[in-house]
Amino acid sequence: MSDDHVILRPVIEEDLSLLEQFLTDPEATGPFQWMGWSDPGRWRRRWAEDGLLSDDGGQLMVVAGADRLGFVAWRKVVTSRNSYCWNIGAQLLPDGRGRGVGTRAQQLLVRYLFAHTPVFLRLEADTETENIAEQRALEKSGFSREGVLRSTVFRDGRWRDIVRYSVLRDEIASHKNPEQSHAGGGNMA
């Protein structure tokens, strides 16, 4: 499988059991995202309410052919009284990791959000300082490293530092690659 075949699509009801794995299975979640067991019913409640797509954020499935490999997500972050940005993330099952799928999914999500949410000028993403693979994926997706936020995330018995990345709308527009923005190079279904 090549990462060129990665697409993003809305979550359907049959995907909910896969999403629940990320809240109940440490092996599926991976070393940097497991924060302890969480309410798996939250996905079904939110899906019933808004299909996991709202004005404040959303989730899309990462798919290659018939394989559901994980999801990407975004949420609104208030940056001042009258301004916002999106914070994005990706979560892949073990079969989707280490093959460029996360990079491709984040590239598609960045282009999707800038194409369909004109109010937002900035996207940001955070990852633990030890998560080198995610840092590389963000950089390949056009993000710039902004700095380290110390002791921000509590995971596995200790506080962890995170690295903040961002990308601005005009940075993506100036580096637009036609192969990455249409169906031939992967698309948003």
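In this chain, numbering begins with 1 at the start of the sequence shown.
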| said: Within the 4.5 Å heavy-atom criterion, are Val153 and Met35 side-chain neighbours or not? | reply: yes
| said: For Asp15 and Arg9: C-alpha separation, side-chain torsions, deciding distance, then whether salt bridge (charged side-chain N to carboxylate O under 4.0 Å, His left out) applies. | reply: CA-CA 11 Å; Asp15 298 328; Arg9 66 158 171 77; 2.6 Å; yes
| field | Ser54 side chain vs Asp56 backbone, donor-acceptor pair below 3.5 Å | value | yes
| message | Can a donor-acceptor pair be found, under 3.5 Å and without considering hydrogens, that links the side chain of Asp25 to the backbone of Glu27? | response | yes
| field | Interatomic spacing from CD in Gln21 to CD in Gln91 - rounded to 0.5 Å | value | 11.0 Å
| What's the shortest heavy-atom distance between Leu138 and Ala125, and which atoms? | CD2-CB, 3.6 Å
| request: Kindly determine whether Arg169 and Arg122 satisfy side-chain contact (heavy atoms from CB on, under 4.5 Å), including the steps that lead there. | output: CA-CA 6 Å; Arg169 181 181 299 274; Arg122 169 189 169 91; over 6 Å; no
| said: For a side-chain contact (heavy atoms from CB on, under 4.5 Å) check, start with the C-alpha distance between Val72 and Val62, then their side-chain angles and the critical distance, and finish with the verdict. | reply: CA-CA 7 Å; Val72 291; Val62 176; 3.8 Å; yes
| For the hydrophobic clusters of this structure (ILVMFWY residues joined by side-chain heavy atoms under 4.5 Å, transitively), does one cluster hold both Val77 and Val148? | no
| query | Any side-chain heavy atom of Glu130 within less than 4.5 Å of one from Phe32? | reply | yes
| Exam field: side chain Arg97 to backbone Leu92, donor-acceptor pair closer than 3.5 Å | yes
| task | List in chain and number order the residues that pass side chain to side chain donor-acceptor pair (under 3.5 Å) with Asn82, two or more places apart in sequence or in another chain; answer none if no residue qualifies. | result | Ser80
| Out of curiosity, does Ile7 fall in the hydrophobic cluster containing Leu18 (side-chain heavy atoms, cut-off under 4.5 Å, transitive links)? | yes
| request: Check Trp43 against Leu19 and note the closest heavy-atom contact, atom names and distance. | output: NE1-O, 3.3 Å
| Any idea how Tyr112 and His116 line up, ring-wise: parallel (<30°), tilted (30 to 60°), or perpendicular (>60°)? | tilted
| said: How long is the straight-line distance from CZ of Phe114 back to CG of Leu109, given to the nearest 0.5 Å? | reply: 10.0 Å
| request: State, to 0.1 Å, how close Ala64 and Leu69 come at their nearest heavy-atom pair, and which atoms those are. | output: CB-CD1, 3.9 Å
| said: Could you tell me if the side chain of Val163 sits less than 4.5 Å from the side chain of Gln135, heavy atoms only? | reply: yes
| request: Output the distance between atom OG (Ser151) and atom CD1 (Ile162), rounded to the nearest 0.5 Å. | output: 10.5 Å
| said: Run the side chain to side chain donor-acceptor pair (under 3.5 Å) test against Thr29 and tell me which residues pass, sequence neighbours left out. | reply: none
| task | Using the test ring-ring contact (aromatic ring centres under 6.0 Å, His included), find all partners of Phe22 that sit at least two apart in sequence or belong to another chain. | result | Phe71
| message | Tell me whether Arg160 contacts the main-chain N or O of Arg155 through its side chain, where contact means a donor paired with an acceptor under 3.5 Å. | response | yes
| Side-chain heavy atoms under 4.5 angstrom apart, residues restricted to Ile, Leu, Val, Met, Phe, Trp, Tyr: same cluster for Trp159 and Leu149? | no
| said: Using modelled atom types and a 3.5 Å cut-off, is there a donor and acceptor pairing between side-chain atoms of Thr117 and backbone atoms of Phe120? | reply: no
| request: Flag the pair Gln33 / Pro26 as yes when at least one side-chain heavy-atom distance between them is below 4.5 Å, and no otherwise. | output: no
| query | Are the side chains of Val167 and Ile172 in touch, meaning some heavy atoms are under 4.5 Å apart? | reply | yes
| message | Between Thr24 and Glu20 (side chain of the first, backbone of the second, donor and acceptor by atom type, cut-off under 3.5 Å), is there such a pair? | response | yes
| query | Does any non-hydrogen side-chain atom of Trp34 lie less than 4.5 Å from one of Asp156? | reply | no
| Verify same cluster id: Val78, Trp74 (apolar side-chain graph, 4.5 Å) | yes
| Is atom CH2 of Trp37 surrounded by more than 12 heavy atoms (other residues, nucleotides or ligands) closer than 6.0 Å? | no
| Inter-residue atom distance Phe143.CZ - Gln107.CD, 0.5 Å rounding | 10.0 Å
| Just by modelled atom types, is the Leu168 backbone N or O under 3.5 Å from a matching donor or acceptor in the Glu171 side chain? | yes
| request: For a side-chain hydrogen bond (donor to acceptor under 3.5 Å, both in side chains) with Ser166, tell me which candidate from Glu124, Glu146, Arg145 qualifies. | output: Glu146
| Any side-chain heavy atom of Leu53 sitting closer than 4.5 Å to one from Pro10? | yes
| query | Any sub-3.5 Å donor-acceptor pair from Trp47's side-chain atoms to Val11's backbone N or O? | reply | yes
| task | Look at the side-chain heavy atoms of Ile, Leu, Val, Met, Phe, Trp and Tyr, link any pair under 4.5 Å apart, and say whether Met61 and Leu16 land in one connected group. | result | yes
| request: Quick one: closest heavy-atom pair of Pro94 and Ala28, and the distance? | output: CD-O, 3.8 Å
| message | Between Arg150 and Glu128 (salt bridge meaning N to carboxylate O under 4.0 Å), is one present in this structure? | response | no
| Tyr165 to Glu139 - nearest heavy-atom pair and separation | OH-OE2, 2.9 Å
| request: Give a yes or no on whether Arg136 atom CZ has more than 12 heavy-atom contacts from other residues, nucleotides or ligands under 6.0 Å away. | output: no
| said: If you compare all heavy atoms of Thr79 against all heavy atoms of Cys85, which two are closest, and at what distance to 0.1 Å? | reply: CG2-SG, 3.8 Å
| Roughly how far apart are Leu8 CG and Leu108 CG, rounded to 0.5 Å? | 5.0 Å
| task | Would you give the length of the straight line joining atom CG of Asp95 to atom CZ of Arg68, rounded to the nearest 0.5 angstrom? | result | 12.0 Å
